[in-house]
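Residue numbers start from 1 in every chain, and the chains themselves are labelled A, B, ... in the order their sequence lines are given, proteins ahead of strands.
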Amino acid sequence: MPELPEVETIKRELEKTVLNKKIKEVIIYNPFVIKQPSKEKFKKELAGAVIKNILRKGKALIFELSNGKFLVVHLRMTGQLVYPGAGKQARVSFKLSDGKNLDFNDRRLLGELRLVDNWENLQFFKTLGLEPFGLDVNKFKALLNAKKTKIKPLLMDQTFISGVGNLYAAEVLFRAKIHPQRSAALLSDKEKELLFKEIKDVLNEAIHFGGSSVDQYVQLSGKPGNYVKHHKVYDREGKPCLVCKTPIQRIALGGRGTYFCPKCQR
DNA sequence: AATGGGACCTGCGCGC
DNA sequence: TGCGCGCAGGTCCCAT
C-alpha cells in the first residue's frame with residue numbers, strides 16, 4: 001500500500017542517507033523482482049555506480065546514477081526499502097560504500113526493479129497523470145468534467161492523477177463528504193474544489209506523519225509510519241463514524257474494498 | 001469510453 | 001488443532 005506519502009517519506013530519507021554513496025555490489029536473493037535487464041547485467045551495470053539523485057514520480061522511485069543509468073523501483077503492494085538493512089531476508093541487497101546495505105524486501109514479490117537508460121521511455125511514466133500538487137483547481141475541475149466514471153476508482157487511476165491509492169482515496173472522500181460512487185463530472189463546483197483541497201491536505205498530512213503503516217509498509221529506517229491513527233474510515237468497517245457515530249460501511253468498488261460513512265458522505 | 005474480471009504473488013485471519 | 005479459502009490492493013491485460 002505504499003502510496004504517494006509513503007514513497008515520498010522513503011525518498012526524503014534516502015536523500016539524507018544514501019545520496020552520493022557508491023553501490024559496491026548487488027546481491028540478488030530472488031531474481032523475480034528484477035524486470036530488466038537480465039540479472040547478470042543488472043548486477044554488473046550497478047556495481048561501482050554512485051547514487052547522484054533521487055526522484056519520485058507518483059508511487060515510483062527513480063535513482064539517477066553516475067553511469068548515466070536509472071534504477072527504477074516500484075514497491076507495489078508489499079515492497080520495502082530499508083537502510084541500513086540486514087541483507088539476508090531481502091530480495092535484493094545493495095551493498096554501499098559505507099559498508100551498509102540498502103535492502104529491497106518484498107513479501108509478495110509484486111514489486112519491480114528496473115535498470116534503464118531512460119526512465120521516461122517506460123510506458124508507466126508515459127501514461128502517468130500529473131500529481132495533485134502539480135495541478136491548479138481549474139485544471140482539476142476540467143479533468144473531472146471529462147469523466148462520468150465513479151469518483152473513487154477515478155482518484156486511484158494513475159493516468160488521471162498520480163499518487164493516490166485505495167487508502168487515501170477513502171480518506172480524501174470522507175473529508176470531502178463525497179460518496180465514493182458519485183459520478184466525477186456531476187459533482188458540484190464546491191464539491192470539486194473541496195475535493196481538490198482535501199487531496200492535497202490528506203497527502204501532506206500523511207507525509208508529515210511518515211505515511212501509513214498498514215500491512216507491510218515501513219519507513220526507510222524500518223520504523224512504522226504514524227498516519228494510521230489519523231485514519232477516519234479506512235479499515236474501520238462497522239466502527240462508529242468519528243463525526244456522526246454511524247457505522248462505517250465497506251463495499252466493493254472496482255474490485256477494491258471501499259470504506260465510507262453512509263451518513264456523512266452523500 | 002467505461003467497466004468488470006483475472007492475473008501476478010504471499011501470508012494472514014477467518015470459519016468450520 | 002488443522003485446513004482451506006477469501007482477501008489484501010498496485011498495475012497490467014483482456015473481454016464486453
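For A:Lys147, a side-chain nitrogen or oxygen approaches OP1 or OP2 of B:dA2 to under 4.0 Å.
Between A:Gln89 atom CD and B:dT10 atom P the separation is 17 Å, expressed in whole Å. The CD-P distance, from A:Gln80 to B:dT10, rounds to 16 Å in whole Å. Following rounding to the nearest Å, A:Asp235 (CG) and B:dC12 (P) show an atom-to-atom distance of 16 Å. Rounded to whole Å, the distance from NZ on A:Lys35 to C1' on B:dC8 is 8 Å. For the pair A:Ile251 CD1 and B:dT3 P, the computed distance is 14 Å after rounding to whole Å.
A:Glu112 pairs with exactly one of A:Lys35, A:Lys59, A:Arg76 by the salt bridge (charged side-chain N to carboxylate O under 4.0 Å, His left out) rule, that one being A:Arg76.
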Contact pattern, 5' to 3', of nucleotides 9-16 of chain C - B, S or - by protein heavy atom under 4.0 Å: BBBS----

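A distance of about 25 Å separates the P atoms of B:dC9 and C:dC3, rounded to the whole Å. C:dG9 and B:dC14 are spaced 16 Å apart, taking the P atom of each and rounding to whole Å.
Counting only Watson-Crick and G-U wobble pairs whose two key distances fall under 3.5 Å, DNA chain B forms stems of three or more stacked pairs at B:2-8 with C:10-16, B:10-16 with C:2-8.
Side-chain contact of A:Ser212 with A:Tyr234: a donor-acceptor pair under 3.5 Å is absent, judged by distance alone. Side-chain contact check for A:Thr258 and A:Lys152: at least one donor-acceptor pair (N or O, by modelled atom type) lies under 3.5 Å. Under the 3.5 Å distance criterion, with hydrogens and angles disregarded, no donor-acceptor pair is assigned to the side chains of A:Lys69 and A:Asn118. At a cut-off of 3.5 Å, with distance as the only test, no side-chain donor of A:Tyr83 or A:Lys16 sits close to an acceptor on the other residue. A:Glu3 and A:Tyr217 are not linked by any side-chain donor-acceptor pair at a separation below 3.5 angstrom, with hydrogens and angles left out of the test.
Hydrophobic clustering (ILVMFWY, side-chain heavy atoms < 4.5 Å, transitive): A:Leu194 and A:Val243 are in distinct clusters.
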Criterion ring pair (Phe, Tyr, Trp, His ring centres under 6.0 Å) on A:His208 and A:Tyr227, from CA distance to verdict: CA-CA 8 Å; A:His208 177 76; A:Tyr227 193 64; 9.7 Å; no

